[in-house]
Amino acid sequence: MAAVEQYRSEAYGRVARLLHWLVVVLIAAQFVVGWTMPDVHRDTQPVGLIAWHLAIGTALIVAMALRIVWRLTHRPPPGELPPLLDFASRATHFLLYAALVAVPLLGWANASSRGWASTLSGALPLPPIAATGSSVAHAMGDVHGVLAWVLFALIAMHIGAALFHRFVRKDKVLERMTW
Ligand code: HEM
Ligand code: HEM
């Protein structure tokens, strides 16, 4: 019993774990849709897979906003990593958060410049964050696509690190984020 309590006290809280895995599912779907949807041109309509990209994107923006508020008000449990690994993990997590904010924001700006509503099938309608026709926000569409690759690389590193902890170091880091 004492061992279970000690293990639980090292894990992230229930809400932090729930939000982590919710964002993982949404991001996985968003990459699949982003890379399979038709190319977006001037006359493209936001239907089909593109409508899905906007809907999942809207859910992601809301989930990330909640997650950041939660993170800022709830400190993660202290870890026991050597200084170099501790630094690498903090730096990667910070960059993950930065990319998880920048990529959706740039997509949202691009959608706004096209006059497209970002909404979850009519629910959670987000306001436009750029004027329709804005050339800067329009150009952000390309940056969005490039930064999505940066986010992908960070996620690959992050999953590699989780596997390294589980199978090479054989420590309890992975269990901090699981049930
Ligand atoms: C982390 C979340 C997101 C990922 C990983 C992602 C990924 C992608 C990818 C891979 C593309 C195709 C880029 C290309 O082929 O050049 C794309 C395009 C696009 N995404 Fe996202 N996206 C995300 C969030 C969003 C959000 C939140 C919105 C809007 C609410 C959005 C709106 C768009 C639009 C409008 C395009 C077309 C851009 C253009 O071609 O000018 N995305 N996204
Ligand atoms: C199979 C996939 C994944 C596994 C096994 C996993 C595992 C973990 C673990 C164990 C932690 C806690 C590390 C610690 O002890 O501090 C963590 C944190 C984190 N993960 Fe993941 N993760 C996965 C996918 C992802 C994805 C796809 C993203 C990005 C969308 C992501 C973003 C984050 C972030 C930002 C943190 C830092 C949390 C915080 O300190 O607030 N993870 N992950």
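Start at 1 and go down the list; that is how both ligands and their atoms are numbered.
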- Should you measure from each heavy atom of Leu60, which atoms of ligand 1 turn up under 4.0 Å away? 2 (C)

- Message: With a 6.0 Å cut-off (strictly less than), is the heavy-atom count around CG of Leu72, excluding the residue itself, greater than 12?
- Response: yes

- What residue and heavy atom of the protein are closest to atom 30 (C) of ligand 1, and at what distance? Ser118 OG, 3.2 Å

- Between Ile27 and ligand 1, find which residue part has any heavy-atom pair under 4.0 Å and reply side chain, backbone, both or neither. side chain

- Message: Within the 4.5 Å heavy-atom criterion, are Met37 and Trp52 side-chain neighbours or not?
- Response: no

- Any N/O pair Ser89/ligand 2 closer than 3.5 Å: no

- Query: Can you list the atoms of ligand 1 that are under 4.0 Å from a heavy atom of Trp35?
  - Reply: 10 (C)

- Is the number of heavy atoms from other residues, nucleotides or ligands within 6.0 Å of CZ (Arg169) greater than 12? yes

- Item | Subset of ligand 1 atoms that lie under 4.0 Å from at least one heavy atom of Leu151 | 1 (C)

- atom 18 (C) of ligand 1 sits nearest the protein heavy atom Met37 CE, 3.4 Å

- Nearest heavy-atom approach of Ala109 to Ala130 is O-CB, 3.9 Å

- Task: Flag the pair Val173 / Leu81 as yes when at least one side-chain heavy-atom distance between them is below 4.5 Å, and no otherwise.
- Result: yes

- Message: To check your reading of the model: name the closest protein heavy atom to atom 27 (C) of ligand 2, its residue, and the distance in Å.
- Response: Ile155 CG2, 3.6 Å

- Would you please test Ile27 and Leu151 for side chain to side chain contact (heavy atoms under 4.5 Å, CB included) and show each step? CA-CA 10 Å; Ile27 285 282; Leu151 173 59; 4.2 Å; yes

- Examine the proximity of ligand 1 to Phe152 and report which part, side chain or backbone, both or neither, has a heavy atom under 4.0 Å away. neither

- Interfacing atoms of ligand 1 (cut-off 4.0 Å, heavy-atom, Arg114): 39 (C), 41 (O)

- Less than 3.5 Å between some nitrogen or oxygen of His138 and one of ligand 1, yes or no? no

- State, with a plain yes or no, whether a side-chain heavy atom of Leu124 is found less than 4.5 Å away from one of Thr119. no

- Item | Nearest neighbour in protein (non-hydrogen) for atom 5 (C) of ligand 2 | Leu174 CD1, 3.5 Å

- Are any side-chain N or O atoms of Glu10 and backbone N or O atoms of Arg176, one a donor and one an acceptor, separated by less than 3.5 Å? no

- Note on the structure: shortest atom 10 (C) of ligand 2-to-protein heavy-atom contact is with Val173 O, 3.3 Å

- Can you find a non-hydrogen atom of Glu175 under 4.0 Å from ligand 2? no

- Query: Nearest non-hydrogen atom to atom 37 (C) of ligand 1 belongs to which of Leu106, Leu26, Val40, Val143?
  - Reply: Val40

- Verify the contact flag for atom 7 (C) of ligand 1, where contact means a protein heavy atom under 4.0 Å away. yes

- Query: What is the nearest protein non-hydrogen atom to atom 15 (O) of ligand 2, stated with its residue, atom name and distance?
  - Reply: Arg176 NE, 2.3 Å

- Query: Are the side chains of Asn110 and Trp116 in touch, meaning some heavy atoms are under 4.5 Å apart?
  - Reply: no

- Item | ligand 1 contact on Leu100 by region, counting heavy-atom pairs under 4.0 Å | neither

- Query: Met157, Trp149: one ILVMFWY side-chain cluster at the under-4.5 Å cut-off?
  - Reply: no

- Task: Report the distance from atom OH of Tyr12 to atom CZ of Arg71, rounding to the nearest 0.5 Å.
- Result: 6.0 Å

- How are the rings of Trp35 and Phe152 set relative to one another: parallel (under 30°), tilted (30 to 60°) or perpendicular (over 60°)? perpendicular

- Message: Has Ser112 got a side-chain atom pairing as donor or acceptor with Trp108's backbone, closer than 3.5 angstrom?
- Response: yes

- Task: I would like to know whether Val23 and Met64 meet side chain to side chain contact (heavy atoms under 4.5 Å, CB included); could you show each step before the answer?
- Result: CA-CA 7 Å; Val23 170; Met64 276 311 296; 4.0 Å; yes

- Does a donor on one side chain and an acceptor on the other come within less than 3.5 Å for Asp171 and His165? yes

- Can you get from Val32 to Val24 by hopping between Ile, Leu, Val, Met, Phe, Trp and Tyr side chains that sit under 4.5 Å apart? no

- Task: May I ask you to identify the nearest protein heavy atom to atom 40 (O) of ligand 2, giving residue, atom name and distance to one decimal place in Å?
- Result: Tyr12 OH, 2.8 Å

- Note on the structure: Note on atom 21 (Fe) of ligand 2: protein N/O/S atoms within less than 2.8 Å are His20 NE2, His158 NE2

- Protein contact of atom 4 (C) of ligand 2 - nearest heavy atom, named by residue and atom, plus distance: Trp21 CH2, 3.5 Å

- Message: Would you compute the distance between atom CD1 of Ile68 and atom OG1 of Thr73 and round it to the nearest 0.5 angstrom?
- Response: 11.5 Å

- Task: Starting from atom 39 (C) of ligand 2, locate the nearest protein heavy atom and write down its residue, its atom name and how far away it is, to 0.1 Å.
- Result: Arg71 NE, 3.3 Å

- Message: Suppose the cut-off is 2.8 Å; which protein N/O/S atoms would you list for atom 21 (Fe) of ligand 1?
- Response: His53 NE2, His144 NE2

- Nearest non-hydrogen protein atom to atom 34 (C) of ligand 2, with distance, is Arg67 NH2, 3.4 Å

- Task: Give the numbers and elements of all ligand 1 atoms closer than 4.0 Å to a heavy atom of Gly141.
- Result: 41 (O)

- With Arg67 as the cation and Trp70 as the aromatic partner, state whether NZ or CZ is under 6.0 Å from the six-membered ring centre and within 45° of the axis. no

- Of the backbone atoms (N, CA, C, O) and the side-chain heavy atoms from C-beta on, which set of Ile61 has a member under 4.0 Å from an atom of ligand 1: side chain, backbone, both, or neither? side chain

- Separation between CG of Leu100 and CG of Leu147, rounded to the nearest 0.5 Å: 11.5 Å

- Identify the heavy atoms of His41 and Arg114 that sit nearest to each other, and give their distance. O-NH1, 3.6 Å

- Query: Are His144 and Val103 side-chain neighbours, meaning at least one heavy-atom pair lies under 4.5 Å?
  - Reply: yes

